[in-house]
Amino acid sequence: MSKLIKGGTVISPTGPGPADVLINGETIAALYAPGRGPEDIETIDATGKYVIPGGIDAHTHMQLPFGGTEASDTFDTGTRAAAIGGTTTIIDFAVQRTGEVVQDSLAAWHAKAAGNCHIDYAFHQILGGIDDESLKAMDQLVNDEGISSFKLFMAYPGVFYSDDGQILRAMQKARTNGSMIMMHAENGPAIDVLVKQALERGETDPIFHGLTRPQELEAEATSRAIWLAAVAADCPLYIVHLSASKALEQVKAARDLGRNVFAETCPQYLYLTLEDQLGAPGFEGAKWVCSTPLRSKHESHRADLWQGLRTNDLSVVSTDHCPFCMKDQKEMGLGDFSKIPNGIGSVEHRVDLLYQGVVDGKLSLARWVETIATTPARMFGLYPKKGVIAPGSDADIVLYDPNGRTRIGVATHHMNMDYSAWEGWEVAGRVDTVLSRGEVISAGGEYSGHAGHGRFVRRGLSDYLI
Ligand code: DUC
Ligand code: ZN
Ligand code: ZN
């Protein structure tokens, strides 16, 4: 039951250092100076490898019903792909639609995931209808269900949208029960006007998805959410999938004032652009239709986001994994970009794509681990069970080969998608071995995990709250 990961360099949020890691059953038992650990037990040779806590993707949408279809990864296929890519915990979003009882929607999400996950999983709760009942449900979810964060939408009127009054009420409730409000910050009603006007002009190609969601409408909603949270006695606020420089400015200003405001970005906004991907010829750009949208390469978004990650104005990198196939799914928007289901799938590639940032000199090794594992754990009440290599923590561990290379494409990925948003990309580094609660589930390209290994994890409150 015990094993020793020997000869590697452990990366912790304080930096890299040589250490051997003793695992006892499902948890980490001890860290030793190299060569000082017990002998005569099973060893895993980590020579030349980084030993990092398993990745935590705090924003995924497995099997999400959206835009008249359903995200194409099941909890089985999506968590298997995540595991192969070095992510050992996901936090997915249970979805309450207007009129549904929150607890029923949560039960439905448990039913989708239970017995099907290859890695551990937790849930946030999307609230699509804020009323007296759902506000009461927030307390119950925090107190009894291990759900301590709630996503609201300022976008998608008629689907997930909450108005400012509803948002304020949910924020006031979050302030009293210690939970986090996660915000999809785009001005949905204004976007709908721009979309209608574009379609009337015959502008139907995928690029108009981005052009009708200008960064000003992300920045405005981000700012409004920040001020609403201030009115709600500085309710903790986490801006999801932040994509744009002007939105980042709002977060930065709030954080400079010491506000309880946090944000994440996603790999697609760090690397991909409105022109090169969303503006690809014909209908090709549909592959990259997601919201918030990819931003212009002629502006400073990508550089600003990398800087925000370095300075901690952006705390977390998640994927917003929401895959749809081109065939029969993205194709629903042929001739009308507004009917293209929104979403990109990257759950398998986040760890590698962010390691490329280390190689490019944009992040330190410690910051890489922090943004992909330690901070999501602390942000969402999973720490120190998850997100760190320390005695007592779950033995969710990745051996990462800094000299390896990873080629990304539909022929080799494991996500249930008929294309890759990263086709042909080759990045530095490679996930070598993955352990989930002490069990090796992937090694040297051989996958040995299984559906049903993953357990639901109840979360506590965020470590970052004051
Ligand atoms: N954005 C997406 O791209 N997909 C699902 C929901 C969302 O907010
Ligand atoms: Zn969103
Ligand atoms: Zn999302």
Side-chain angles (χ1 to χ4, degrees), residues 56-73 78 82 90-97 109 121-128 149-162 167 180-188 191-192 195 206 209-210 212-213 217-218 221-222 225 237-244 247 262-269 272 274 277-278 285-295 316-326 329-330 332-333 337-347 350 376 379-380 415 417 419 421:
I56 299 175
D57 193 336
H59 189 153
T60 68
H61 298 287
M62 306 303 172
Q63 297 173 241
L64 174 73
F66 189 79
T69 182
E70 188 167 285
S72 57
D73 261 323
I90 60 163
I91 314 180
D92 204 84
F93 287 82
V95 182
Q96 180 229 10
R97 289 163 188 279
W109 231 260
Y121 61 100
F123 295 144
H124 312 284
Q125 178 72 49
I126 286 175
L127 295 177
S149 41
F150 299 89
K151 183 177 178 190
L152 310 179
F153 287 79
M154 301 169 103
Y156 303 127
V159 187
F160 294 128
Y161 175 79
S162 294
I167 289 169
M180 179 82 81
I181 294 294
M182 306 172 78
M183 191 62 77
H184 180 127
E186 286 186 296
N187 185 325
I191 286 168
D192 279 4
V195 168
H209 170 79
T212 54
R213 306 179 93 93
L217 295 183
E218 184 182 349
T222 303
L237 174 67
Y238 178 96
I239 306 291
V240 295
H241 48 55
L242 189 147
S243 68
F262 310 93
E264 69 175 16
T265 192
C266 311
Q268 53 268 33
Y269 308 119
L272 309 180
L274 177 91
Q277 277 79 31
L278 201 50
K287 293 175 176 173
W288 295 278
V289 165
C290 60
S291 296
T292 54
L294 303 183
R295 298 298 177 187
V316 169
V317 179
S318 308
T319 54
D320 195 9
H321 179 75
C322 191
F324 296 101
C325 292
M326 282 295 267
Q329 294 197 299
K330 294 280 186 180
M332 292 164 72
F337 69 85
S338 73
K339 295 198 166 59
I340 301 169
N342 290 197
I344 287 184
S346 301
V347 77
R350 185 184 61 119
M379 187 68 70
F380 294 113
M415 300 176 289
M417 293 173 74
Y419 76 96

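These numbers were taken from a predicted model, which means no experiment stands behind them. Numbering of residues begins at 1 and proceeds along the displayed sequence. Note that ligands are numbered from 1 as they come in the structure, with each ligand's atoms numbered from 1 the same way. The figures here come from the full heavy-atom set of this structure, side chains too, leaving out hydrogens, waters and symmetry mates.
- If you run side chain to side chain contact (heavy atoms under 4.5 Å, CB included) between Ile344 and each of Cys322, Pro267, Cys290, only Cys290 comes through.
- Taking every heavy atom of Lys151 and a limit of under 4.0 angstrom, the matching atoms of ligand 1 come to 8 (O).
- Ligand 1 has no N or O atom lying under 3.5 Å from any N or O atom of His61, backbone or side chain.
- Ring geometry for His59 versus His61: interplanar angle over 60°, hence perpendicular rather than tilted (30 to 60°).
- Checking side-chain atoms of Gln277 against main-chain N and O of Leu294 turns up no donor-acceptor pair under 3.5 Å.
- Heavy-atom contacts of Tyr156 reach the following atoms of ligand 1: 1 (N), 7 (C), 8 (O) (cutoff under 4.0 Å).
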In sequence, state the C-alpha distance, the side-chain angles, and the governing distance for Thr319 and Arg350, and then conclude on side-chain hydrogen bond (donor to acceptor under 3.5 Å, both in side chains).
CA-CA 7 Å; Thr319 54; Arg350 185 184 61 119; 5.8 Å; no
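- In terms of N/O distances under 3.5 Å, ligand 1 is approached by Ser291.
- Partner of His321 under the side chain to side chain contact (heavy atoms under 4.5 Å, CB included) criterion, chosen from Ile90, Thr60, Leu64: Thr60.
- Protein heavy atom at the shortest distance from atom 4 (N) of ligand 1 is Asn342 O, 2.9 Å.
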Quick one: do Phe66 and Asn342 satisfy side chain to side chain contact (heavy atoms under 4.5 Å, CB included)? Show the steps, please.
CA-CA 8 Å; Phe66 189 79; Asn342 290 197; 3.4 Å; yes
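- Under the 4.0 angstrom criterion for non-hydrogen atoms, His321 is not in contact with ligand 1.
- The NE2 atom of His59 and the OD1 atom of Asp320 subtend an angle of 80° at the Zn ion (ligand 3), given to the nearest 10 degrees.
- Between the Zn ion (ligand 2) and Val240 there is no N/O/S contact shorter than 2.8 Å.
- Short contacts between ligand 1 and His241, defined as distances under 4.0 Å to a heavy atom of the residue, involve ligand atoms 8 (O).
- Without hydrogens or angle criteria, Trp109 side chain to Val95 main chain gives no donor-acceptor distance under 3.5 Å.
- With a 4.0 Å cut-off on non-hydrogen atoms, Ile344 does not touch ligand 1 at all.
- The Zn ion (ligand 3) lies under 2.8 Å from an N, O or S atom belonging to His61.
- For the Zn ion (ligand 3), the set of nearby N, O or S atoms under 2.8 Å includes none belonging to Cys322.
- Proximity of the aromatic rings of Phe160 and His184 is defined here by a centroid distance below 6.0 angstrom, and this criterion is not met.
- Interface atoms of ligand 1 facing Cys290, defined by a heavy-atom separation under 4.0 Å, are 3 (O).
- Tested against Phe324 for a side chain to side chain contact (heavy atoms under 4.5 Å, CB included), the candidates Met417, Lys287, Lys330 yield a single pass: Lys330.
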May I have the step-by-step check of side-chain hydrogen bond (donor to acceptor under 3.5 Å, both in side chains) for Ser291 and His209, ending in yes or no?
CA-CA 9 Å; Ser291 296; His209 170 79; 3.3 Å; yes
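- Summary: NE2 is the N/O/S atom of His241 found nearest to the Zn ion (ligand 2).
- Residue Phe160 places no heavy atom under 4.0 Å from ligand 1.
- Minimum-distance N/O/S atom of His184 relative to the Zn ion (ligand 2): ND1.
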